[in-house]
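One structure is given below, encoded as C-alpha cells.
Computed from a prediction, not measured in an experiment: that's the story for all the values here. Computed from heavy atoms alone, side chains included, the values below leave out hydrogens, waters and symmetry copies.
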Amino acid sequence: MFKRIDRLQIDLPRPKHPDPDSAGAIQELLGGRFGEMSTLNNYMFQSFNFRSKKKLRPFYELIASITAEEMGHVELVSNTINLCLDGSIGNGSTNPDDTPLRDALGMGNKFNFILGGQNAVPADSAGKAWTGDNVFSSGNLVDDLLHNFYLECGARTHKMRVYQMTDNEAARELTGYLLVRGSVHAVAYAKALETVTGVNMMKMLPVPSLDNSKFDYAKKYEDEGSHLKLYRFSDDDYNLLDRIWNGPTPIGPAGELEVVDGTPEGGEIPDLQQIPEEFAPGFDEEQFRELSKKLKYEAGM
C-alpha cells in the first residue's frame with residue numbers, strides 16, 4: 001500500500017512571471033522516455049513482479065522504496081509545470097467570443113492548454129502521450145538493476161539539458177533537486193549491481209558526470225547532505241536498505257551514506273486560483289459558496 005502525505009518533497013518558488021516555454025521543456029522530465037513517469041512505473045512494476053522477495057529482500061526493498069520517492073517526483077514535476085503555466089494566457093473573460101485563449105495559438109505546447117486546462121499532462125515536451133512501452137520489467141534481477149542504472153543516467157542527461165535551457169526559478173529548483181536525488185538512485189543501483197555481480201559499476205560513470213558542484217540549485221542540496229540519504233518512505237517496513245546503502249559516498253561532498261526513516265520534511269503544495277476561461281475547476285464564486293455551505297467548510301473566500 002502507499003501512504004500519501006499532502007506535501008511536496010521540497011518547497012517550490014513561485015515564478016515572478018508566467019513561463020509556458022519552460023513548462024513545455026519540463027514536460028520532458030514528466031512524460032518523456034526518461035521522465036519521472038518512466039522511472040516510477042519501471043520501479044513500481046519491478047517491485048510488484050519481484051520474485052523471491054524473502055531471499056533477496058534488500059534488493060526488493062531498494063526498488064520498492066525508490067518507487068515511493070518517484071511517486072513524489074511525478075507530483076513535484078507536475079506542480080512545477082503548473083506554476084510555470086499559471087497566468088500565462090487568458091484575460092479572465094467568461095465570454096468565449098472574446099477569444100480569451102488566443103495567446104495559446106503561438107505556443108508549441110498547446111496541449112497544456114487544450115488537454116490539461118493550463119496544467120501538466122502525462123506527455124513529453126512534444127505532446128506525445130507517455131506510454132507503458134517505456135516500462136522494462138524483465139523479472140531478472142540483474143537485468144532490471146542494469147536497466148535502472150541506465151535509466152537514471154539517461155534521466156540525468158535530460159535534467160542537465162533542461163537546467164541549461166531555462167533560468168526560471170521554479171524550474172531550476174526542481175532540476176537542481178532532481179539532479180541530486182537522481183544521482184542517489186544511480187549510485188544505489190550501481191551498488192546493488194556490485195553486490196550481486198562484483199562489478200564496480202561506478203567505473204562506468206560519468207554517463208555523464210555525477211558532479212553537481214557546477215549547478216547552484218543542486219549544490220545547495222548536496223551541501224545539506226541530500227546526496228547521502230536514501231529514504232524508506234515507510235513507518236515500519238523496508239528496514240534492510242542499509243545492507244546495500246552504506247559506506248562513504250562516491251559522489252558529492254564527503255560523508256557516510258545513511259538510510260533515513262520516513263520521508264523528507266517536504267514543502268507546501270501550491271494552491272493555484274481558478275481559470276474561468278479554461279473552465280477550471282468549473283465553478284463561479286456563487287457556486288463555490290454553495291458548495292462550501294453543503295460541505296460546512298469555509299473555503300477561504
Side-chain angles (χ1 to χ4, degrees), residues 2-3 5 9-10 36 39-40 42-48 50 52-73 76 140-156 159 177-207 209-212 218-219 221-266:
F2 290 95
K3 178 179 180 180
I5 299 171
Q9 289 179 357
I10 59 170
E36 301 300 332
T39 51
L40 165 64
N42 272 270
Y43 309 156
M44 184 163 63
F45 276 92
Q46 288 172 17
S47 68
F48 293 163
F50 200 104
S52 299
K53 289 183 176 67
K54 291 183 179 179
K55 294 180 180 179
L56 297 169
R57 187 79 193 175
F59 301 99
Y60 164 67
E61 291 193 2
L62 179 71
I63 296 172
S65 62
I66 293 178
T67 296
E69 180 166 3
E70 296 294 355
M71 184 85 70
H73 286 181
L76 187 63
N140 179 281
L141 177 60
V142 174
D143 206 3
D144 284 348
L145 289 173
L146 187 61
H147 169 81
N148 297 352
F149 176 76
Y150 164 73
L151 181 61
E152 290 291 348
C153 290
R156 177 174 175 80
K159 290 163 190 167
Y177 179 72
L178 292 182
L179 282 170
V180 174
R181 297 308 302 164
S183 296
V184 167
H185 298 167
V187 172
Y189 288 128
K191 290 176 71 68
L193 281 163
E194 183 174 1
T195 302
V196 176
T197 67
V199 176
N200 184 355
M201 297 297 296
M202 294 303 297
K203 290 184 177 180
M204 288 185 62
L205 300 172
V207 194
S209 172
L210 293 183
D211 179 14
N212 290 317
K219 182 179 180 298
Y221 287 109
E222 286 194 335
D223 289 343
E224 67 184 32
S226 184
H227 66 298
L228 303 172
K229 300 174 182 177
L230 191 65
Y231 295 94
R232 289 197 297 114
F233 285 94
S234 178
D235 296 327
D236 303 307
D237 299 313
Y238 309 113
N239 294 303
L240 298 180
L241 292 173
D242 60 0
R243 305 294 172 90
I244 297 173
W245 190 252
N246 59 63
T249 178
I251 59 171
E256 291 292 315
L257 301 178
E258 61 173 323
V259 174
V260 179
D261 292 341
T263 66
E265 181 179 344

Can you tell me if CD on Glu265 sees more than 12 non-hydrogen neighbours from other groups inside 6.0 Å?
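Counting other residues, nucleotides and ligands, CD of Glu265 stays at 12 neighbours or fewer.
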Surrounding CZ of Arg243 (heavy atoms of other residues, nucleotides or ligands, distance under 6.0 Å), is the total greater than 12?
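Open.
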Quick one: sort the His73 and His185 rings into parallel, tilted or perpendicular, breaks at 30° and 60°.
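Ring orientation of His73 relative to His185: parallel.
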Which pair of non-hydrogen atoms, one from [X] and one from [Y], has the smallest distance, and what is that distance?
X      : Y      : result
Ala192 : Leu145 : CB-CD1, 4.0 Å
Ile251 : Thr249 : O-OG1, 2.7 Å
Leu210 : Ser183 : CD2-OG, 3.9 Å
Ala64  : Ser47  : CA-CB, 4.1 Å
Pro250 : Val187 : CG-CG1, 3.7 Å
Met202 : Ala190 : SD-CB, 3.8 Å

Within this structure, what is the [atom1]-[atom2] distance for the pair [X] and [Y], rounded to the nearest 0.5 Å?
X      : Y      : atom1 : atom2 : value
Glu258 : Leu230 : CD    : CG    : 10.0 Å
Asp143 : Asn148 : CG    : CG    : 9.5 Å
Ile63  : Asn42  : CD1   : CG    : 10.5 Å
Lys219 : Asp211 : NZ    : CG    : 10.5 Å
Asp144 : Gln46  : CG    : CD    : 4.0 Å
Leu178 : Glu70  : CG    : CD    : 8.5 Å

How about [X] and [Y]: do any of their side-chain heavy atoms sit closer than 4.5 Å?
X      : Y      : answer
Leu257 : Trp245 : yes
Arg156 : Asn212 : yes
Ser65  : Tyr231 : no
Gln9   : Thr263 : no
Tyr238 : Val259 : no
Leu40  : Thr67  : yes
Tyr221 : Leu179 : no

Run the side-chain contact (heavy atoms from CB on, under 4.5 Å) check on Val199 and Leu193 step by step: do they pass?
CA-CA 7 Å; Val199 176; Leu193 281 163; over 6 Å; no
Any donor and acceptor pair, going by atom type alone, linking the side chain of Arg232 with main-chain N or O of Asp237 inside 3.5 Å?
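Checking the backbone N and O of Asp237 against the side chain of Arg232, a donor-acceptor pair under 3.5 Å is found.
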Can you check whether Leu240's main-chain N or O pairs, donor with acceptor, with Glu61's side chain at less than 3.5 Å?
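Yes; at least one donor-acceptor contact below 3.5 Å.
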Judged by modelled atom types alone, do Thr39 and Glu36 share a side-chain donor-acceptor pair under 3.5 Å?
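Glu36 and Thr39 do have a side-chain donor-acceptor pair below 3.5 Å.
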Option among Tyr43, Phe149, Tyr150 that satisfies the ring-ring contact (aromatic ring centres under 6.0 Å, His included) test with Tyr189
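Passing option: Tyr43.
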Qualifying salt bridge (charged side-chain N to carboxylate O under 4.0 Å, His left out) pairs, either residue in residues 180-193, two or more places apart
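Sorted pair list: Glu69-Arg181.
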Lys229 and its side chain to side chain contact (heavy atoms under 4.5 Å, CB included) partner, picked from Val260, Val180, Val184:
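For Lys229, the side chain to side chain contact (heavy atoms under 4.5 Å, CB included) test succeeds with only one of Val260, Val180, Val184, which is Val260.
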